[in-house]
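Everything on this sheet refers to the single structure shown next.
No experiment lies behind these values; they were computed from the predicted model shown. Every chain is numbered from 1, with letters handed out A, B, ... down the list of sequences.
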Protein chains: 2
Amino acid sequence: MTEKSPSLREQQKAATRNELIRMGLLLFFENGFANTTVDQIVEPLGIAKRTFFRYFKAKEDLVFDFYEDKTPTLVRELKNRPKDESPYEAVCKALSTQLDLYDVNPDWAWSLVCLLNENPELMGKGFEKRLTREQALAAALIEREGKNKITPLKARIIVGTALIAWQAALDEWYEGGGKSKLRPIVKKAFSIAGQ
Amino acid sequence: MTEKSPSLREQQKAATRNELIRMGLLLFFENGFANTTVDQIVEPLGIAKRTFFRYFKAKEDLVFDFYEDKTPTLVRELKNRPKDESPYEAVCKALSTQLDLYDVNPDWAWSLVCLLNENPELMGKGFEKRLTREQALAAALIEREGKNKITPLKARIIVGTALIAWQAALDEWYEGGGKSKLRPIVKKAFSIAGQ
DNA sequence: GACAATGTGTCACCTGGTGACATATTTAGC
DNA sequence: GCTAAATATGTCACCAGGTGACACATTGTC
């Protein structure tokens, strides 16, 4: 397919963005979210505070960059699911794709989960992002099933249920101190939520 | 039963709290949440900004006072449900109690729903509060069913599913401009979510 | 190489939120 | 009813997140 050649500007912007995220998460993990100021993130990188807020609308958004990033992938995944899967099944299977990311660098994932669970403010923002994902997935589901085969209400509930199961699984994982494997917990949660 | 005689102090505090909430919501409805400063709320009442933040940890909390307020009631309601109802049914029935509030002063309810839907920041905080409610209800459900009859994971998922249905119903209501009746939408949503 | 477009830094400023301390008010003991 | 402890409020100084405006620098285009 058409390989995009990212212009120099794009490359530099992506690099700066990554630097900010790396440094930000590093400091958040080390000192906590509330105890880390934007200035502390920005200063060692030689970047202006103002610039930070051109990349991220809010301090919290830095944490959820990866999350928002993956919603389009998830939507595509859902649309590509075999037609014979039930709506709920398809959504669950699509979501399960994300588990690979947890497998690849589990300690990073764990740190992130801890960060969220220990900072209610972040949780709030996280839910906000989840809402966007929920809506995107619901729209995709409607498209997949056909507009007159599933109501918006039903689509939202199916997607919402799957996401709740996911969330519950993550919490269970967190409660257990991350000792257990996430994948089977998620599987079980999906199964329970599916009745 | 024992009628509590609220001390003078308690009365005054309650009065101040109500004043703040009334004025706050009034201004939020009129000018929007972001466009209303705490000073604007506080000034016409002759109250210091500092005092505002003694009543509410954050500006957003003023909006959710009513919400947090009713969680204990909800928990009690759930515990009092007849034993022959299924867990999910019991949670739904308990939640449905809240519908009376929407019937009593529908325009106030409508304004509030609009406020939430039009301010993502508020949504975020709202989800945060919902999490607390979710946990409280899950705990109550476990207590109701017996600790060895239902796992925490399952309890959370059941409660979460019901709350998702509720949320989806509210959204549907909002999308429809509030023309339709909320109660039947919620009923339908509960039914769909129950499979 | 010149000009437009876009990104970055600097600065001033607003607003949410908090700690510290003084002052006023309620409560409780007598 | 007076006094002393307890608690609520006001004032003030200050921090940190976030934004608008403007100048400067860098990249893209012809």
Side-chain angles (χ1 to χ4, degrees), chain A residues 4-21 23-25 27-28 30-65 115 119-126 128-129, chain B residues 4-21 23-25 27-28 30-65 115 119-126 128-129:
Chain A
K4 308 224 182 109
S5 65
S7 68
L8 177 55
R9 251 197 175 124
E10 298 302 323
Q11 291 178 42
Q12 286 172 331
K13 279 174 68 175
T16 307
R17 188 181 199 80
N18 286 337
E19 278 185 89
L20 286 173
I21 293 175
M23 182 65 71
L25 289 183
L27 293 175
F28 292 161
E30 245 171 41
N31 311 324
F33 179 76
N35 295 327
T36 307
T37 71
V38 174
D39 290 287
Q40 287 170 356
I41 300 171
V42 135
E43 193 240 44
L45 298 173
I47 297 178
K49 188 179 77 165
R50 190 65 181 88
T51 301
F52 178 97
F53 288 107
R54 289 203 182 92
Y55 280 90
F56 306 102
K57 276 204 287 281
K59 184 181 159 193
E60 290 92 343
D61 288 339
L62 182 146
V63 177
F64 296 103
D65 187 80
L115 196 63
N119 295 85
E121 344 138 49
L122 278 178
M123 267 289 179
K125 264 282 176 180
E128 217 177 293
K129 306 291 181 187
Chain B
K4 307 219 181 121
S5 64
S7 68
L8 177 56
R9 250 199 174 122
E10 298 302 324
Q11 290 179 43
Q12 286 172 331
K13 279 175 70 175
T16 307
R17 187 181 200 81
N18 287 335
E19 278 185 88
L20 286 172
I21 292 175
M23 181 65 70
L25 289 182
L27 293 175
F28 291 162
E30 246 171 41
N31 311 325
F33 178 76
N35 295 326
T36 306
T37 71
V38 173
D39 290 288
Q40 287 168 356
I41 300 172
V42 134
E43 193 239 45
L45 299 173
I47 296 177
K49 188 179 77 165
R50 191 62 180 88
T51 302
F52 178 97
F53 288 107
R54 289 204 182 92
Y55 280 90
F56 306 102
K57 275 203 287 278
K59 186 181 161 194
E60 289 92 344
D61 287 339
L62 182 146
V63 177
F64 295 104
D65 187 81
L115 197 63
N119 294 85
E121 343 138 50
L122 278 178
M123 267 289 178
K125 264 281 176 180
E128 217 177 292
K129 305 290 180 186

A:Glu10: side chain to side chain contact (heavy atoms under 4.5 Å, CB included) partners, not counting sequence neighbours:
A:Pro6, A:Ser7
Sequence neighbours left out, what passes side chain to side chain contact (heavy atoms under 4.5 Å, CB included) with B:Gln40? Give chain and number order.
B:Leu27, B:Thr36, B:Thr37
Residues in salt bridge (Lys or Arg N to Asp or Glu O under 4.0 Å) with B:Glu19, at least two apart?
none
May I have the step-by-step check of side-chain contact (heavy atoms from CB on, under 4.5 Å) for B:Asp65 and B:Arg17, ending in yes or no?
CA-CA 10 Å; B:Asp65 187 81; B:Arg17 187 181 200 81; 2.8 Å; yes
Test side-chain hydrogen bond (donor to acceptor under 3.5 Å, both in side chains) applied to B:Glu121 - qualifying residues, sequence neighbours left out
B:Asn119
With sequence neighbours excluded, tell me which residues meet salt bridge (Lys or Arg N to Asp or Glu O under 4.0 Å) with B:Arg9.
none
A:Phe28 and A:Lys59, any side-chain heavy atoms less than 4.5 Å apart
yes
Walk along nucleotides 24-30 of chain C from 5' to 3' and tag each nucleotide B, S or - by protein heavy-atom contact under 4.0 Å, base first, then sugar-phosphate.
-BBS---
Name all residues meeting the side-chain hydrogen bond (donor to acceptor under 3.5 Å, both in side chains) criterion together with A:Asn18; count only those two or more places apart in sequence or in a different chain, and write none if there are none.
none
For DNA chain D, which residues of residues 55-62 of chain B approach it to below 4.0 angstrom with any heavy atom?
B:Tyr55
Of all of residues 39-51 of chain B, which get a heavy atom below 4.0 angstrom from DNA chain C, listed by number?
B:Lys49, B:Arg50
Can you list everything that forms a salt bridge (Lys or Arg N to Asp or Glu O under 4.0 Å) with B:Glu128? Sequence neighbours excluded, please.
B:Lys125
Please check: side-chain N/O of A:Lys129 versus main-chain N/O of A:Asp61, any donor-acceptor pairing under 3.5 Å?
no
Rounded to the nearest 0.5 Å, what separation is found between the CG atom of B:Leu115 and the CZ atom of B:Phe33?
8.0 Å
Could you tabulate the donor-acceptor pairs under 3.5 Å formed by side-chain atoms of residues 43-58 of chain B, not counting sequence neighbours?
none

Using whole Å, what does the distance between atom C1' of nucleotide C:dG17 and atom CD of A:Glu121 come to?
12 Å
For DNA chain D, which nucleotides open and close the run of contacts to chain B, 5' to 3', at under 4.0 angstrom from a non-hydrogen atom?
D:dA6 to D:dT11
